[in-house]
Enquirer: 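Encoded as structure tokens, here's the structure I'll be asking about.
Keep in mind that this is a model prediction, so the values were computed, not measured.
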Amino acid sequence: GVTVTRAPKGSAFDYILKLDSSVYPETAGHIKDAIAGGKPSVVTIDRLNASKQRRDALKGTKCTKGTDRDEWPMSMFKEGGTGASIRNISPSDNRGAGSSIGHALSDIRNGKKIKFEII
């Protein structure tokens with residue numbers, strides 16, 4: 001569902017993360033739509049501020065029963081927080097994608113830039 005590779009030398013980002021839309025269709029659709037609407041496709045890892053980013057992103061948005069509020073950019077990225085795109089999606093898709101993305105990036109340190117691609 002998620003693969004991470006080093007970016008080519010000279011790129012404006014450090015890694016490329018590919019998210020498989022056939023595995024996580026709702027999360028992939030949200031990210032794709034948010035990027036098409038002007039949100040960044042290149043984000044910077046900032047785990048230290050993730051809790052605050054999540055609070056800021058979700059402030060004022062209602063959760064619909066049986067769904068999770070998905071954010072793009074995700075709260076683990078510096079570009080997340082206030083102004084993030086929020087979409088209610090199924091918990092299994094949201095949590096599966098979040099877990100897979102978090103695991104795929106677990107060895108990559110704060111400050112590194114990640115280019116998201118939906119495949």
Enquirer: For residues Pro91 and Thr67, report the shortest heavy-atom separation together with the two atoms involved.
Expert: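 Closest approach of Pro91 to Thr67: CD-CA, 4.0 Å.
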
Enquirer: Determine the minimum heavy-atom distance between Val4 and Leu17, stating which atoms define it.
Expert: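 Heavy-atom minimum between the residues: CG2-CD1, 3.8 Å.
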
Enquirer: Judged by modelled atom types alone, do Thr44 and Glu79 share a side-chain donor-acceptor pair under 3.5 Å?
Expert: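 Present: a donor and an acceptor within the cut-off.
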
Enquirer: Measure the CD1-OG distance between Ile31 and Ser85 for me, rounded to the nearest 0.5 Å.
Expert: 10.0 Å

Enquirer: Quick one: do Ile101 and Tyr15 end up in the same hydrophobic cluster if we chain Ile, Leu, Val, Met, Phe, Trp and Tyr together by side-chain heavy atoms under 4.5 Å apart?
Expert: yes

Enquirer: Looking at residues at least two apart in the chain, or sitting in another chain, which of them share a side chain to side chain donor-acceptor pair (under 3.5 Å) with Thr3?
Expert: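 With neighbours one apart ignored, the set is empty.
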
Enquirer: State the OG1-CZ distance between Thr82 and Arg55, to the nearest 0.5 angstrom.
Expert: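 Atom-to-atom, Thr82:OG1 and Arg55:CZ are 11.0 Å apart.
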
Enquirer: With side chains defined as the heavy atoms from C-beta onward, is the minimum distance between Glu71 and Leu58 less than 4.5 Å?
Expert: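 Yes, close enough: below the 4.5 Å cut-off.
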
Enquirer: So do Asp46 and Met76 actually touch side chain to side chain, heavy atoms under 4.5 Å?
Expert: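 No, their side chains stay 4.5 Å or more apart.
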
Enquirer: Examine Phe116 together with Phe77 and report whether their ring centres are nearer than 6.0 Å.
Expert: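 Yes, ring centres under 6.0 Å apart.
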
Enquirer: Find the distance between CG (Leu48) and CD1 (Ile45) and round it off to the nearest 0.5 Å.
Expert: 11.0 Å

Enquirer: Under the rule for side chain to side chain donor-acceptor pair (under 3.5 Å), what residues qualify as partners of Thr5, not counting sequence neighbours?
Expert: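 Per chain and number, Thr5 pairs via side chain to side chain donor-acceptor pair (under 3.5 Å) with no residue.
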
Enquirer: With rounding to the nearest 0.5 Å, note down the distance linking CD in Glu117 to CD1 in Ile35.
Expert: 9.5 Å

Enquirer: Mark yes when over 12 heavy atoms from residues, nucleotides or ligands other than Lys115 sit less than 6.0 Å from its NZ; otherwise mark no.
Expert: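 Yes, because the 6.0 Å sphere around NZ of Lys115 holds more than 12 heavy atoms from other groups.
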
Enquirer: Does the side chain of Asp93 come under 3.5 Å of the side chain of Thr27 through a donor N or O and an acceptor N or O?
Expert: yes

Enquirer: Output yes when Arg6 and Asp14 qualify as a salt bridge under the 4.0 Å nitrogen-oxygen rule, no when they do not.
Expert: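 Answer for the salt bridge query: no.
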
Enquirer: Whether the side chain of Asp20 engages the backbone of Ser22 through a donor-acceptor N/O pair (distance < 3.5 Å, no angle test) should be reported.
Expert: yes

Enquirer: Starting at CG of Asn49, measure out to CG of Asn110 and round the result to the nearest 0.5 Å.
Expert: 9.0 Å

Enquirer: Do Arg69 and Asn94 pass the side chain to side chain contact (heavy atoms under 4.5 Å, CB included) test, and can you show the C-alpha distance, the side-chain angles, and the key distance before you say yes or no?
Expert: CA-CA 8 Å; Arg69 291 172 293 176; Asn94 183 49; over 6 Å; no

Enquirer: When rounded to the nearest 0.5 angstrom, what is the spacing between OG in Ser90 and CD in Glu26?
Expert: 3.5 Å

Enquirer: At their closest point, which heavy atom of Ala104 faces which heavy atom of Val2, and how far apart are they?
Expert: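 Shortest heavy-atom contact: CB-CG1, 3.6 Å.
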
Enquirer: Verify, without hydrogens or angle tests, whether Ser99 (side chain) and Gly96 (backbone) share a donor-acceptor contact under 3.5 angstrom.
Expert: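 Checked: no pair found.
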
Enquirer: State plainly whether one hydrophobic cluster holds both Met74 and Val42, where clusters connect Ile, Leu, Val, Met, Phe, Trp and Tyr through side-chain heavy atoms under 4.5 angstrom apart.
Expert: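 No, Met74 and Val42 fall in different hydrophobic clusters.
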
Enquirer: Kindly give the heavy-atom pair with the smallest separation between Ala84 and Pro73, and that separation in Å.
Expert: CB-O, 4.0 Å

Enquirer: Any non-hydrogen side-chain atom of Ile114 less than 4.5 Å from a side-chain atom of Leu105?
Expert: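 In short, these two side chains touch, coming nearer than 4.5 Å.
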
Enquirer: Please confirm whether the backbone N or O of Pro40 pairs with a side-chain atom of Trp72, one donor and one acceptor, at under 3.5 Å?
Expert: yes

Enquirer: According to a hydrophobic-cluster definition based on side-chain heavy atoms being under 4.5 Å apart (Ile, Leu, Val, Met, Phe, Trp, Tyr only), do Phe13 and Leu19 belong together?
Expert: no

Enquirer: Does the side chain to side chain contact (heavy atoms under 4.5 Å, CB included) test come out yes or no for Asp70 and Asn88, once each step is laid out?
Expert: CA-CA 6 Å; Asp70 185 47; Asn88 290 311; over 6 Å; no

Enquirer: Using atom types as modelled and distance alone, determine if a side-chain donor or acceptor of Ser100 lies under 3.5 Å from a backbone N or O of Ala97.
Expert: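 The answer is no, because no donor-acceptor pair under 3.5 Å joins these two groups.
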
Enquirer: Please list, chain by chain and in numerical order, all residues satisfying ring pair (Phe, Tyr, Trp, His ring centres under 6.0 Å) with Tyr24, sequence neighbours excluded.
Expert: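 None.
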
Enquirer: Is any side-chain heavy atom of Ile16 closer than 4.5 Å to one of Lys18?
Expert: yes

